[in-house]
Amino acid sequence: MTTSRNRLQTDITTAVAASTGAGLRFRDVFDPADWPELEREPHLIAGLLSTTLTVLSGAPTAGKTHLAVGMAAALLNGEREFLGRELSGELNAVAFVCTDADGAASVRRRIAPLVAAPSRKRVRVVDYSATGDAEWTALVHAVTGLAPGLLVVDNVLGVVDDVHDNGQARRMIGPLLRLTQQGTAVLLLTHTGEPGPTGPAHGVNAPIGARTWTVAARVKAVLTSREKDHRRQLAVRSNDGEPVALNASLDVMGDAPVWTLWTGDGEREQRRESRTAPAVTWDALADRVVREQPRARSLSALGDHYAASVNRSPVTVRTSLKGRVRLSGDRWERTP
């Protein structure tokens, strides 16, 4: 029976390859030997970020890059949750392809303060301004060599000459899908288009451009910003789970984005007032770390240790202490 099945598979593969010129191979669902790669979880962040292809759309000022940086940092730090959603594991490497002016430097300024153990992690960024097929293929090949757990493309409007051209979109998406098959999750950032009865965007929150950009995505997310109360709303649809809708707050400390679940105007104002003199507050905590010498042996552990006592999130504590304290041997000391 097995021999007949394998022979049939070979015959089908040969026929398809002959008609398409592609070396395709059909795999047996019930044969473990035909699936040598490890099975992956469907999401890096439950309901928010796929282990294959995710598309995040939003207006230019919605905070898409901030959200991508926040998710990447949480994965690099091995956080348990991001915005209340469980992480499936920890990443050792992340890459960003940036098409906006000064995009790579901007991402560097945002993510560097958030990574708790930079000596053990790899974050690679590149400015990309080409729009040709050959250049894009070469770029994806370079990403393959880096083998990151996550690739962020920010944003697709800078990858092609015409974002509405299905052919161009297909040629850009193809190499990315092959990249996901090798274990790299891909997050595409794009803008939302204006509503139109005949155009590809049928609503103000629909991703701009050809449908090919999103048709293969396992997760499709839309980020919007409310001017009235500064709330960020994230609506996510997934092929591998229930829809997710959540409200979030974004606080930018220096250049680093700190995301928390939105709790309402009153608490947000209270948090804002409590940070009227952040330098004094965090300097005092840094002095406390040196005085108390907790057993924590990383900035991430310091964040977990002191978060409750200062009524801040672990990420906020870790970000604020970075540059103020350092571990010298087995003792914490103030940074000169």
Side-chain angles (χ1 to χ4, degrees), residues 39-58 62-94 96 110-111 114-116 121 123 148-154 180 183-190 205 207 214 217-226 229-253 256-264 267-268 271 300 303-304 307-308 312-319:
E39 289 290 334
R40 286 188 287 178
E41 294 287 340
H43 296 139
L44 286 177
I45 302 177
L48 301 186
L49 184 61
S50 173
T51 51
T52 53
L53 179 62
T54 300
V55 173
L56 170 63
S57 58
K64 299 183 298 297
T65 304
H66 279 314
L67 184 59
V69 165
M71 290 192 290
L75 288 161
L76 288 167
N77 291 331
E79 305 283 355
R80 292 187 296 272
E81 294 182 346
F82 179 80
L83 291 180
R85 311 299 299 185
E86 185 178 1
L87 275 65
S88 63
E90 181 176 350
L91 298 183
N92 291 317
V94 170
F96 284 79
R110 295 178 187 187
I111 198 170
L114 295 176
V115 179
K121 302 296 179 177
V123 181
L150 173 66
L151 168 67
V152 180
V153 179
D154 183 15
T180 66
T184 295
V186 175
L187 172 60
L188 294 183
L189 307 189
T190 188
N205 288 329
T214 60
R218 302 297 294 179
V219 171
K220 303 174 182 67
V222 178
L223 180 67
T224 55
S225 176
R226 286 171 44 120
D229 54 15
H230 305 286
R231 187 190 322 182
R232 307 300 168 113
Q233 297 178 305
L234 187 61
V236 189
R237 292 191 174 275
S238 169
N239 289 21
D240 302 299
E242 296 296 320
V244 174
L246 57 83
N247 296 317
S249 295
L250 169 62
D251 292 310
V252 180
M253 304 185 66
V258 177
W259 289 88
T260 55
L261 288 173
W262 190 81
T263 54
E267 290 191 28
R268 183 177 177 83
R271 292 200 308 274
S300 180
D304 293 335
R312 297 291 190 276
S313 72
V315 173
T316 300
V317 174
R318 178 177 70 236
T319 303

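- Between Leu49 and Leu75 the shortest side-chain heavy-atom distance falls below 4.5 Å.
- Going from atom CG of Leu187 over to atom CG of Leu189 covers 5.0 Å, rounded to the nearest 0.5 Å.
- The shortest side-chain heavy-atom distance between Val219 and Leu48 does not fall under the 4.5 Å cut-off.
- Remark: the backbone N or O of Pro42 is paired with a side-chain donor or acceptor of Thr51 at under 3.5 angstrom.
- Atom CE of Met71 and atom CG of Leu83 lie 9.0 Å apart (nearest 0.5 Å).
- At least one side-chain heavy atom of Pro257 sits under 4.5 Å from a side-chain heavy atom of Arg110.
- Heavy-atom neighbours of Arg237 CZ from other residues, nucleotides or ligands within 6.0 Å: at or below the threshold of 12.
- The side-chain heavy atoms of Gln233 and Val222, taken from C-beta on, include no pair separated by under 4.5 Å.
- Of all the heavy atoms in Ser57 and Pro207, the pair that sits closest is OG-CG, 3.8 Å.
- Summarising the geometry of Val94 relative to Ala72, their closest heavy-atom pair is CG1-CB, 4.1 Å, with the distance given to 0.1 Å.
- Under the 3.5 Å distance criterion, the side-chain polar atoms of Thr184 are matched with a main-chain donor or acceptor of Pro148.
- The two residues Gly149 and Leu44 come nearest to each other via the heavy atoms O-CD1, 4.3 Å.
- A 4.5 Å side-chain heavy-atom check between Leu234 and Val244 finds every atom pair outside the cut-off.
- Atom NZ of residue Lys64 and atom CG of residue Leu223 lie 7.5 Å apart, to the nearest 0.5 angstrom.
- Taking the side chain as every heavy atom from C-beta outward, Leu76 and Ile111 approach each other to under 4.5 Å.
- To the nearest 0.5 Å, atom CZ of residue Phe82 and atom CG of residue Leu261 are 9.5 Å apart.
- Checked against Phe96 for a side chain to side chain contact (heavy atoms under 4.5 Å, CB included), the options Thr65, Val69, Leu151 give a single hit: Val69.
- Taken from OG1 in Thr54 to CG in Leu188, the straight-line distance is 8.5 Å, to the nearest 0.5 Å.
- For the pair Gly47 and Val236, the tightest heavy-atom approach, listed with the atom from each and the gap, is O-CG1, 3.0 Å.
- Taking CG of Asp240 as the start and NE2 of His43 as the end, the distance is 5.0 Å to the nearest 0.5 Å.
- Within the structure, the side-chain hydrogen bond (donor to acceptor under 3.5 Å, both in side chains) test picks out the following pairs touching residues 74-90 (sequence neighbours left out): Glu79-Arg318, Glu90-Lys121.
- Applying the side chain to side chain contact (heavy atoms under 4.5 Å, CB included) test between Arg232 and each of Leu250, Thr224, Leu246, Leu67 identifies Leu250 as the sole match.
- Scanning all heavy atoms of the two residues, the minimum distance from Ala248 to Trp259 falls at CB-CE3, 3.8 Å.
- Of all the heavy atoms in Ala217 and Val55, the pair that sits closest is CB-CG2, 3.8 Å.
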